[in-house]
Amino acid sequence: EVQLQASGGGLVQAGGSLRLSCVVSGFFIEDSHIAWFRQAPGKEREGVACISRSDGTTYYADSVKGRFTISSDNAKNTVYLQMNRLKFEDTAVYYCAANWGPDIATTWQWWSLFGAWGGGTQVTVSS
């Protein structure tokens with residue numbers, strides 16, 4: 001059974017850091033593209049970061065470049081999202097998701113292409 005479990009969210013002050021984890025079971029992360037998405041109340045789901053299965057290339061939304069880092073640990077079958085210098089506008093529910101398509105470079109932010117999702121983890125940044 002394919003499962004993704006996101007954790008690590010919490011309440012943090014602006015400027016602080018959090019690390020989210022996405023523990024995967026039922027498939028190997030190196031066989032898929034894994035992305036983090038977020039959704040704030042009243043807003044559309046937004047692609048935050050993605051790590052490609054082919055060569056580990058990473059992709060980031062402009063709003064988080066230089067602050068967030070996506071990484072993976074194949075031995076633990078886990079993908080991480082290190083979030084630094086958090087801002088109030090980063091407040092959202094964060095989800096991890098998997099895609100098994102051939103290429104993700106131009107489509108990684110299209111949430112509809114991701115076939116497996118984990119439950120969300122709430123990140124709240126106080127100003």
Can [Y] be reached from [X] by stepping across I, L, V, M, F, W or Y side chains whose heavy atoms are under 4.5 Å apart?
{"X": "Tyr60", "Y": "Val48", "answer": "yes"}
{"X": "Val64", "Y": "Val125", "answer": "yes"}
{"X": "Tyr94", "Y": "Val12", "answer": "yes"}
{"X": "Tyr95", "Y": "Val79", "answer": "no"}
{"X": "Tyr80", "Y": "Ile29", "answer": "no"}

Can you list the residues that meet the side-chain hydrogen bond (donor to acceptor under 3.5 Å, both in side chains) rule with Gln3, with sequence neighbours excluded? none
Strictly below 4.0 Å, N to O, side chains only: are Asp62 and Lys65 in salt-bridge contact? yes
Quick one: pull up [atom1] in [X] and [atom2] in [Y] and give me the separation to the nearest 0.5 Å.
{"X": "Asp90", "Y": "Met83", "atom1": "CG", "atom2": "CE", "value": "7.0 Å"}
{"X": "Ile51", "Y": "Ser71", "atom1": "CD1", "atom2": "OG", "value": "6.5 Å"}
{"X": "Gln13", "Y": "Thr124", "atom1": "CD", "atom2": "OG1", "value": "13.0 Å"}
{"X": "Ile70", "Y": "Thr57", "atom1": "CD1", "atom2": "OG1", "value": "11.5 Å"}
{"X": "Leu81", "Y": "Leu18", "atom1": "CG", "atom2": "CG", "value": "9.5 Å"}
{"X": "Gln82", "Y": "Leu20", "atom1": "CD", "atom2": "CG", "value": "9.0 Å"}

Could you tell me which residues satisfy side chain to side chain contact (heavy atoms under 4.5 Å, CB included) with Arg85, sequence neighbours excluded, listed by chain and number? Arg67
[X] versus [Y]: any side-chain heavy-atom pair under 4.5 Å?
{"X": "Gln122", "Y": "Thr91", "result": "yes"}
{"X": "Ile104", "Y": "Trp110", "result": "no"}
{"X": "Asn99", "Y": "Trp108", "result": "no"}

Within the 6.0 Å centroid threshold, strictly below: Trp100 and Phe27: yes
Ring centroids only, cut at 6.0 angstrom: are Trp36 and Phe68 within range, meaning strictly under it? no
Quick one: does any side-chain atom of [X] pair with a main-chain N or O of [Y] as donor and acceptor, under 3.5 Å?
{"X": "His33", "Y": "Ser52", "result": "no"}
{"X": "Thr78", "Y": "Lys76", "result": "yes"}
{"X": "Tyr59", "Y": "Thr106", "result": "no"}

Could you report the tightest heavy-atom contact between [X] and [Y], atom names first, then the distance?
{"X": "Leu4", "Y": "Val2", "result": "CD1-CG1, 4.2 Å"}
{"X": "Ser127", "Y": "Ala14", "result": "CA-CB, 4.3 Å"}
{"X": "Gly119", "Y": "Ala6", "result": "O-CB, 3.4 Å"}

Would you mind telling me which of Gln39, Gln109, Arg38 makes a side chain to side chain donor-acceptor pair (under 3.5 Å) with Glu46? Arg38
Exercise: do Ser17 and Asn84 side chains pair donor with acceptor under 3.5 Å: yes
Is the CH2 atom of Trp117 crowded by more than 12 outside heavy atoms at less than 6.0 Å? yes
Does atom CD (Glu30) have a neighbourhood of more than 12 heavy atoms from anything else shown, all under 6.0 Å? yes
Passes side chain to side chain contact (heavy atoms under 4.5 Å, CB included), Glu1 versus Ser25? Steps please. CA-CA 7 Å; Glu1 181 183 3; Ser25 59; over 6 Å; no
Cation over ring face, Arg45 and Phe37, 6.0 Å, 45°: no
